[in-house]
Structure formats: C-alpha cells, structure tokens
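One structure is given here, and the rest of the page talks about it.
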Amino acid sequence: MTLAVDLASWGLILLGSFFTLVGAFGLVRMPEVFTRMHAASVTDTLGVGFLILGMTLQAGFGLVTLKLLFLLALFVFTGPVVTHALAQACLHEGIKPLLAEDRRGMTRPRSTDPDDGRQPS
Amino acid sequence: MFAAAAAAILVALALAIIRAIKGPTVFDRVLAGNSVGTLAIMLLAVVGFLTERPEFLDIGLTYGLLNLIGTLSVLKFFRHGDLAYDADSESKS
Amino acid sequence: MIRYFSLAGLLFAFWLALSGHYTPMLVTAGAVCAVACVFAAIRMRAADPEGHPIELFRGAITYFPWLFLEITKSGWSVTKVILDPSLPISPTMTVVRASQKTPAGMATYANSITLTPGTITVGVSGDEFTVHALVRDGADDLEGGGMDRRVSQFEGAA
C-alpha cells in the first residue's frame, strides 16, 4: 500500500517537474509577449498542480496537506488575475499582438475603448 | 526524488531569468518576474520536504501573497502612472 | 447575516489550520481576529454576494474537478505545441459572449478562460469577453460555448 502511494507521488512529482520545465522552455522560445503568457500559464497550472498533488501524497493526512492545498488554491485564484492585468496593461501601452487570424469586430460593431481589447475604429 | 524536482525547478528558474534579461519590453520582464516568484515558492516547498522541515510552507504562502501584490502594483504603476490611482472615481474603466 | 457568520467561521478555520497551536490564549486571539476581519470586510463592502459568494459553494464541488480535467487536456495540447520543433502557433483574437447573470458568475467564466492554458481573457465590455488564443482550435472551442454553458450551470446550481 505504501509502495503504491510512493510510486504514485513520485510519478506526479516527475510529471510536475516536466510541465514546469516545458513552461519555462516555452517562456524562452515563444516569439512575443502574448504567446509567452500562454507558456507561463502551463507552469502556473499544470506544473504547480502536479507538484503539489505529489507532495500531498507524501505528506499524509494533516496540517501540512492542508497548507499545500491552501497554496494550490492561492495559485488557482490569483494566477488568472495577474495574467489578465498583464494582458490589459500590454494592450493599454499599445503593444500589438502578433496574430494569424483576427476575429474581432467580425460580427459586432467596434468599440472605441482600447482597453477592452477590440480594435479601435 | 525531491532532489530531481528541485533540480528541474532550478533549471526552469534559470530559463525564466534568461527571459527577464533578454525580454524586449518591460511586460516580458514583469511576466518573467512573476514566473520566478512562482518557481521560488515551489522551490521553497520542495526544499521543505527535502530537509523535512514543513515550516517552509508558511514562508511559501507569505511569498505567494507578496508576489501577487508586487506584480499587480508594478502593473498598476505602468497602467496609470500612479500607485494611488482610484479606478472607481472615474466612470471609465 | 448568514454570510457574515459563514465568513467569520471560514476565517477562524483558516487561523486554526495555519497556527497549529491550540492554547486557550491563541484560540481566543484567533476568534477575536476573525470577528474584527468580518467587521473590516463589512466596512470595505467586501462581504457582499460578489466578495463572499456562499451561494456558489454547492456548485463548486462538481465545477472544480471538471475545470481541472479541462486544464489538463488543454495544457497537454499547449505542451505539444511548445515541444514541436516547428512551433505551430496560430494566435487568434476573438470575441465570445458570456451568458452569466451575476458578476461572480462572469468573473468565474473569465478566470476559467484565463486559467486554461492556451486562452487568455484580455478585455471585458458588457457581456462580451475579448479572448486571445494560442492556436485556432482553442478559439473555436470557446466560440462553441461548452465552457459558457458549464459555468452558467454552476452559477444556477445555487
């Protein structure tokens, strides 16, 4: 039983390390700031999530597990806030995202506020 | 096993710092700084398990809150040019 | 009123979980701090249905496992894109409609889009979100509205 739990937690920790490395690799490899945010969110969700789940299995049942789950909840609730603020600040500064296809304003009238991400007319 | 995870996180930290040094715009550096904060928290947790001192988790939680406030305040400064800007006092945004 | 008691109870449980010392003096200090924080939250108007949505707790039990499964699936596809030697990205900007009625429900939908690797909500105006997707498939999935329906169901489960 303990061997099975150990194996599962090692697998989860290895998986978490892998996704952490992939996210950081993407952070260096991607061409511009919006695509880099997508790479960083792999680290923030999958890497952190699998590492914390693996450590939870190692910690057993107690206060340490509860603290690890608080840490996971902190990442789940604050990660998107930071990413959204960063994306909006980029648009406000006038950084144009590199786009292969632009579907903004195809069906709806254009808004003139640059901060909602729409193309100003 | 925790040593392998710590090594992976250290390599990821090095890659994030490369982006922070190279990053052409200031937002690339903010993004890299946020990633460095996230990875540092995970490194704190893993080192806590490696040395069997789970008190490191409390430091990790505190650092997580500081990381959020630090990143948001830098972004607010670049967005409005003023840390005391009150978004509610204007009708727009 | 029940919202204030639930907030105080949660804050006190958080204190107990983080402290780990259960002497009468420290537990009393925790109770006093929890009540003081609730009064501060009422004064800051943070203890309203948006800041402490107790109506959503029941829906959250089934919503979060579904969200984690969704994150794992799209995270794997972003991982394949990053590790592909030719880097096959096709960044797309699109506008999706949110059918949620409450501010907490809309915030849940916007944050779920951002939390899923491969899509980021970059702007909100009215009930429309502007979304940046790493590949075309991600934008197509969001325009299909599966996640929108799931979040509306989570909001309506109150």
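In what follows, chains carry the letters A, B, and so on, assigned in the order in which the sequence lines appear, proteins first and then strands, with residues in each chain numbered from 1.
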(request) Heavy-atom pairs under 4.5 Å with chain B are the metric here; pick the option from Val64(A), Leu63(A), Thr43(A) that has the most. (result) Val64(A)

(request) Please report the closest heavy-atom contact between Phe78(B) and Glu93(A), naming both atoms and the distance. (result) O-OE2, 3.4 Å

(message) Give me the atom names and distance for the closest heavy-atom approach of Leu27(A) to Ser35(B).
(response) CD2-OG, 4.0 Å

(message) Need one label for Phe75(A): side chain, backbone, both or neither, based on atoms under 4.5 Å from any heavy atom in chain B.
(response) side chain

(message) Please identify, among Leu14(A), Leu68(A), Val81(A), the residue contributing the most non-hydrogen atom pairs under 4.5 Å to chain B.
(response) Leu68(A)

(request) Would you mind checking which part of Thr78(A) comes under 4.5 Å of any heavy atom in chain B, side chain (CB onward), backbone (N, CA, C, O), both or neither? (result) both

(request) Could you give me the CA-CA distance, side-chain angles and deciding distance for Thr25(B) and Glu32(A), then say whether side-chain contact (heavy atoms from CB on, under 4.5 Å) is met? (result) CA-CA 9 Å; Thr25(B) 65; Glu32(A) 48 94 58; over 6 Å; no

(message) Below 4.5 Å, heavy-atom pairs only: which of Asp58(B), Thr71(B), Ile9(B) has the largest tally toward chain A?
(response) Asp58(B)

(request) Measure distances from Leu65(B) to the heavy atoms of chain A and classify the residue's part below 4.5 Å as side chain, backbone, both or neither. (result) both

(message) To check you understand the geometry: which heavy-atom pair defines the closest contact between Leu75(B) and Ala89(A), and what is its length?
(response) CD2-CB, 4.0 Å

(request) Name the region of Phe27(B), side chain, backbone, both or neither, that has any atom closer than 4.5 Å to a heavy atom of chain A. (result) both

(message) Please classify the contact of Leu72(B) with chain A as side chain, backbone, both or neither, using a heavy-atom distance under 4.5 Å.
(response) side chain

(request) Quick one: pull up CE in Met30(A) and CG in Leu31(B) and give me the separation to the nearest 0.5 Å. (result) 12.0 Å

(message) What part of Leu74(A) gets within 4.5 angstrom of chain B, counting heavy atoms only: side chain, backbone, both, or neither?
(response) side chain

(message) Using 0.5 Å steps for rounding, measure from the CG atom of Asp28(B) to the CG atom of Leu86(A).
(response) 8.5 Å

(message) I'd like to verify something: which residue of Val28(A), Thr20(A), Val22(A) has the highest number of heavy-atom pairs under 4.5 Å with chain B?
(response) Val28(A)

(message) Is Asn34(B) in contact with chain A via its backbone, its side chain, both, or neither, using a 4.5 Å heavy-atom distance?
(response) side chain

(message) Which heavy atom of Ala5(B) sits nearest to which heavy atom of Leu51(A), and what is that distance?
(response) CB-CD2, 4.2 Å

(request) Might you point out which heavy atoms bring Ala12(B) and Leu21(A) nearest each other, and give the distance in Å? (result) N-CD2, 4.0 Å

(request) Please round to the nearest 0.5 Å and tell me the distance separating atom CE of Met42(B) and atom CG of Leu71(A). (result) 6.5 Å

(request) Pick whichever of Asn67(B), Leu68(B), Val46(B) has the most heavy-atom pairs under 4.5 Å with chain A. (result) Leu68(B)

